[in-house]
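Computed from a predicted structure; not experimentally measured. FYI, side chains are in, hydrogens and waters are out, and symmetry mates aren't considered; it's all heavy atoms of this structure. By convention in this document, chain letters (A, B, ...) are assigned in the order of the sequence lines, proteins followed by strands, and residues within each chain are numbered from 1.
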2 protein chains.
Amino acid sequence: MPFEQLKLKHQLCHRLYMASNSIARAYREPLAKINLTYPQYVVMMALWEQDKITIAEVVETTAIDGSAMTQILKKMVEKSLLAVVKDEKDQRKRLIQLTKTGQDLKLKALNIPNEIRCKFTSLNSDQALQLMHYLDLVIHDLSKTEKE
Amino acid sequence: MPFEQLKLKHQLCHRLYMASNSIARAYREPLAKINLTYPQYVVMMALWEQDKITIAEVVETTAIDGSAMTQILKKMVEKSLLAVVKDEKDQRKRLIQLTKTGQDLKLKALNIPNEIRCKFTSLNSDQALQLMHYLDLVIHDLSKTEKE
DNA sequence: TGCAAATACTTTGCATGCAAATTAAAATAA
DNA sequence: TTATTTTAATTTGCATGCAAAGTATTTGCA
């Protein structure tokens with residue numbers, strides 16, 4: 001079977017592609033209720049954990065592309081979720097700071113992880129942890145070769 | 001720790017997001033050599049496995065969104081990789097058929113899975129299989145709730 | 001037979017992901 | 001100090017992913 005490895009069913013990449021799209025779709029509705037897209041939600045989670053950080057730090061934490069980040073933050077400013085201010089110490093940097101609205105949204109978002117979790121009827125929590133571990137290995141292995 | 005579940009490091013979704021983006025990035029360079037994007041490559045793999053199928057079948061096999069598929073196929077026609085022809089039996093349907101160029105590309109693509117595989121230094125093949133199984137569970141669980 | 005409902009696609013609009021080029025400011029070397 | 005390099009963001013262009021609306025065709029039911 002010389003072409004066996006080109007079959008879709010054997011491809012880890014395709015599983016990841018489908019799983020990632022599925023989960024983004026699953027978040028769509030719960031997030032629409034609080035008027036957030038998925039990447040915007042990721043940015044909010046980063047800021048709920050630590051506020052008043054630079055754009056580079058948000059990029060680092062969220063792994064969202066820097067040029068996409070500019071656009072995402074712009075939209076979040078329009079929604080009054082956060083403010084972008086210059087870092088006085090280094091004029092190149094911009095600091096991101098949640099507004100009151102942005103901080104308060106955390107309470108409304110609190111139940112979202114549970115809403116998603118209860119959709120998983122086959123995957124138990126031990127398996128989810130194991131899965132996360134394997135994904136970390138994937139991310140780790142691929143991040144190495146990127147830097148070359 | 002009332003907000004613990006909102007931390008990024010605990011989120012399966014964020015791991016999947018990062019892993020999926022990482023792997024798409026990893027394919028970018030090898031695929032650029034044969035002038036394909038990642039979704040285009042997925043379509044090609046589907047057609048290498050079974051040619052002359054309807055657009056709906058390509059959508060089913062690849063799990064690529066139908067409206068995106070229209071655009072993707074249009075670009076692939078421009079590259080002379082395939083042709084879109086009407087199904088005489090059902091005028092609503094379109095059949096996709098590889099050109100000679102499209103068929104021949106299979107040989108050039110043959111080594112791509114290996115190129116990617118050798119980037120995985122931490123994840124062994126048993127773990128990759130286990131990971132694929134878990135991803136199948138995720139996809140399965142989430143596909144159920146979508147249909148409601 | 002005739003028409004509503006279901007199918008198969010396409011089109012449109014919006015939000016990314018990412019590479020490449022650009023701009024501005026700070027750090028470093030000469 | 002001045003020129004070069006590096007760093008932090010933004011801008012631009014292209015390719016999706018997806019929801020919603022629109023267009024043919026075909027089915028299926030009265």
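Remark: the backbone N or O of A:Gly102 is paired with a side-chain donor or acceptor of A:Trp48 at under 3.5 angstrom. The backbone N or O of A:Val85 lies less than 3.5 Å from no partner atom in the side chain of A:Gln97, so there is not a single donor-acceptor pair. Formation of a donor-acceptor pair under 3.5 Å by the A:Lys79 side chain with backbone atoms of A:Asn35 is found in this model. Checking side-chain atoms of B:Thr99 against main-chain N and O of B:Ser80 turns up a donor-acceptor pair under 3.5 Å.
Side chains of A:Asp51 and A:Gln103 form a contact here, defined as non-hydrogen atoms less than 4.5 Å apart.
Listed nucleotides: C:dA8, D:dC18, D:dG17. Nearest to the side chain of B:Lys93: C:dA8.
A:Leu73 places its CG atom 10 Å from the P atom of D:dA9, with the value rounded to the nearest Å. When rounded to the nearest whole Å, the span between CE of B:Met18 and P of C:dT16 equals 18 Å. Rounded to whole Å, the distance from CE on A:Met69 to P on C:dC18 is 12 Å. Spacing between atom CZ of A:Arg94 and atom P of D:dA9 amounts to 7 Å, rounded to whole angstrom units. Per the geometry, CD belonging to A:Gln71 stands 8 Å off C1' belonging to D:dT10, to the nearest Å. One atom, NZ of A:Lys74, and another, C1' of C:dC14, lie 14 Å apart when rounded to the nearest Å. At whole-Å resolution of the value, CD1 in B:Ile55 and P in C:dA8 are 11 Å apart. The NZ atom of A:Lys86 sits 22 Å away from the P atom of D:dT7 (whole-angstrom rounding).
Taking the six-membered ring where tryptophan is involved, the planes of A:His14 and A:Tyr17 are essentially parallel, since the angle between them stays under 30° and well short of 60°.
For residues 29-47 of chain B, proximity to DNA chain C is found at no residue, defined as any non-hydrogen atom under 4.0 angstrom from a strand atom.
Residue B:Tyr17 places no side-chain N or O under 4.0 Å from the OP1 or OP2 atom of C:dT16. At least one side-chain nitrogen or oxygen of B:Arg25 sits closer than 4.0 Å to the OP1 or OP2 atom of C:dC18.
For D:dA9, its base never sits under 3.5 Å from the side chain of A:Ser67 at any donor and acceptor pair.
Residues A:Thr70 and B:Lys75 both approach DNA chain D. Their nearest nucleotides, taken by heavy-atom distance, put A:Thr70 toward the 5′ side.
If you check every strand for non-hydrogen atoms under 4.0 Å, A:Asp65 touches a base.
Across every strand in view, D:dT10 sits in a pair with C:dA21 that passes the Watson-Crick or G-U test at under 3.5 angstrom.
Between atom OG of residue A:Ser20 and atom CE of residue B:Met18 there is a gap of 11.0 Å, rounded to the nearest 0.5 Å.
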